[in-house]
Amino acid sequence: MASPSSTSVSVILHKDCLPSRSSPHFLSTAIHRARPMRSHGLCRAGFLPAMDKVGRVCHVFFTPTHAMLLHNLLGATAAGPDGGGPQCVAQFAKDLLFREYNLSSRNGNQIAFSVEVALLHRALRSVLAVHAQPPAAGDAAGAPAIQVRLVNKLPAGSRTATPFLTFETKGAHAAVVQDVPISRPLSRSDVERLHAALDAAKDLPKTLVQVPDLPQLQSLVDRLKNVGDLLTVAVTQYGDLHLQVSTSLVTVGSEFRKLRVIGDRANAPVGDQNLTSSTRMDMAVERREALSVQVNMKHLVKSLHCHLAKPDCTFYGIAPDGACLTVVFQYFIPGTRLADKSISFYCRLPVLDPGSS
């Protein structure tokens, strides 16, 4: 049991919440007893508020090894490279959230469904508030677990059962039950499409640059979005990040120079130091030491909301052949400067032109 001040989660997936055993969606009863969430808990670190800013609905995806929040992976696949906006993936190793994790289904021991992020966030905040209540005098020190059940319920006035994610917990002075409506579990073909989209999204750009001053970047984007809707973004192997908006009347932009580089890198030519930012960018692209793409300004603004999840580092990069603009958020193991590989969080922004390389 977790201490009263910590958060623990127990998930119970009931077989009666899904179709019969002949269905690929069948889940045997599984109990997930969670260890206390670390500082990157879904609510505490802001993952759900961040996802809600990116899009109203996301997919929750459980696999034998991970729990994931996914935005627009299926939508972007259907709509092509210009997609319905940015893709967003937050992936957590099961051991980060759960002490015991026994997921079973005929669909490859995995299940996915869609949910309104705001409703999921509201339910979690409610049960966490009750769960955090200090125990009354004489009560046992151990706090009760939070139980999450995937169930079918018959709403009032309806003849058709509706699937819900139900949260239950008890505090010192109250008990709470929160029902979050969800979609029916995705079909086998849709789960396969999710996997295909995840596989396509996992390859990192060959060059990533770290942006150390996120408030400065956000302030810059806030100014640029008042100028135009299309933003040109360039990333060089020298550690430069260029942002530029052009209209028929004006061209406005800025650059971040000598940033930390991960991946392919090169030394900036000495003769370029006295050139303008746009000239240096064009010459770097010609040398194949930079990539440049154009993205929708609204998409970039949405991706910046992901900083609500409080990453320790943020990197920008452009996929090969200018396929997309990728934003990678990195977390450290608490108390260290070592990357926490149990968390993966990134966005992919569709490009509005083929890019140049």
Side-chain angles (χ1 to χ4, degrees), residues 2 6-11 32 34-63 65-76 85-98 101 111-129 131-132 146 148 165 167 169 178 180 182 194 197-198 201-202 211 214 218 299-316 326-334 339-349:
S6 64
T7 301
S8 62
V9 180
S10 174
V11 179
H32 305 218
R35 69 188 186 185
M37 280 189 182
R38 288 155 49 180
S39 60
H40 304 312
L42 294 181
C43 283
R44 293 180 181 177
F47 284 100
L48 288 176
M51 295 293 287
D52 192 28
K53 290 289 188 179
V54 176
R56 184 176 62 87
V57 176
C58 78
H59 284 103
V60 177
F61 189 18
F62 291 107
T63 75
T65 57
H66 292 87
M68 291 175 252
L69 301 172
L70 310 174
H71 173 69
N72 198 39
L73 263 71
L74 293 185
Q87 295 179 328
C88 193
V89 175
Q91 180 174 280
F92 310 90
K94 63 181 180 63
D95 292 336
L96 182 69
L97 302 179
F98 306 107
Y101 188 83
I111 184 171
F113 52 85
S114 61
V115 62
E116 286 194 29
V117 182
L119 297 181
L120 180 60
H121 187 208
R122 187 183 309 158
L124 276 173
R125 283 189 301 176
S126 176
V127 296
L128 288 173
H131 183 267
I146 297 173
V148 186
L165 205 60
F167 295 79
T169 193
Q178 291 280 348
V180 181
I182 63 173
L194 273 183
L198 283 168
K202 69 182 180 181
V211 178
L214 295 180
Q218 290 175 311
H299 294 171
L300 183 65
V301 171
K302 283 187 174 184
S303 72
L304 287 173
H305 288 308
C306 289
H307 298 307
L308 291 171
K310 299 179 176 64
D312 293 310
C313 294
T314 302
F315 297 88
Y316 282 77
T326 301
V327 189
V328 180
F329 307 98
Q330 187 180 64
Y331 294 85
F332 296 145
I333 297 173
D340 189 341
K341 296 183 179 180
S342 64
I343 301 175
S344 176
F345 190 31
Y346 57 90
C347 290
R348 301 173 80 233
L349 280 62

### Spatial distance of atom CG (D340) from atom CG (D312) [nearest 0.5 Å]
9.0 Å
### Residues which pass side chain to side chain donor-acceptor pair (under 3.5 Å) with Q178, listed by chain and number, not counting sequence neighbours
S126
### Query
At what distance, to the nearest 0.5 angstrom, does CG of L300 lie from CG of L304?
4.5 Å
### Message
Give me the atom names and distance for the closest heavy-atom approach of V117 to V57.
### Response
CG2-C, 4.2 Å
### Residues which pass side chain to side chain contact (heavy atoms under 4.5 Å, CB included) with H305, listed by chain and number, not counting sequence neighbours
K53, V301
### Query
What pairs with A93 under side chain to side chain contact (heavy atoms under 4.5 Å, CB included), at least two apart in sequence or on another chain?
H66, S342
### Query
Can you name the side chain to side chain contact (heavy atoms under 4.5 Å, CB included) partners of S344, sequence neighbours left out?
Q91, Y346
### Query
Given L73, which of R348, M68, Q87 fulfils the side chain to side chain contact (heavy atoms under 4.5 Å, CB included) condition?
Q87
### Query
Does F113 have any ring-ring contact (aromatic ring centres under 6.0 Å, His included) partners at least two apart in sequence or in another chain, and if so, which?
none
### Task
Rounded to the nearest 0.5 Å, what's the gap from SG on C347 to NE2 on H299? Could you check?
11.5 Å
### Query
CG of L69 to CG of D52: how many Å apart, nearest 0.5 Å?
11.5 Å
### Query
At what distance, to the nearest 0.5 angstrom, does CG of L70 lie from OG of S114?
11.5 Å
### Message
Pair H307, F329 - check side chain to side chain contact (heavy atoms under 4.5 Å, CB included), show working.
### Response
CA-CA 8 Å; H307 298 307; F329 307 98; 3.3 Å; yes
### Query
Residues two or more places apart in sequence or in another chain: which of them pass side chain to side chain contact (heavy atoms under 4.5 Å, CB included) with T65?
T63
### Message
With a 4.5 Å cut-off on side-chain heavy atoms, are V115 and L165 touching?
### Response
no
### Exercise: identify the closest heavy-atom pair between V127 and T169
O-CG2, 3.4 Å
### Query
How far apart are the closest heavy atoms of N72 and G85, and which atoms are they?
ND2-O, 2.8 Å
## Note on the structure
The reported gap from CD in Q330 to NZ in K341 (rounded to nearest 0.5 angstrom) is 10.0 Å
### C306 versus P311, closest heavy-atom pair with distance
O-CD, 4.3 Å
### Candidates F47, F92, F315 - the one meeting ring-ring contact (aromatic ring centres under 6.0 Å, His included) with F345
F47
### Message
Can you list everything that forms a salt bridge (Lys or Arg N to Asp or Glu O under 4.0 Å) with R56? Sequence neighbours excluded, please.
### Response
E116
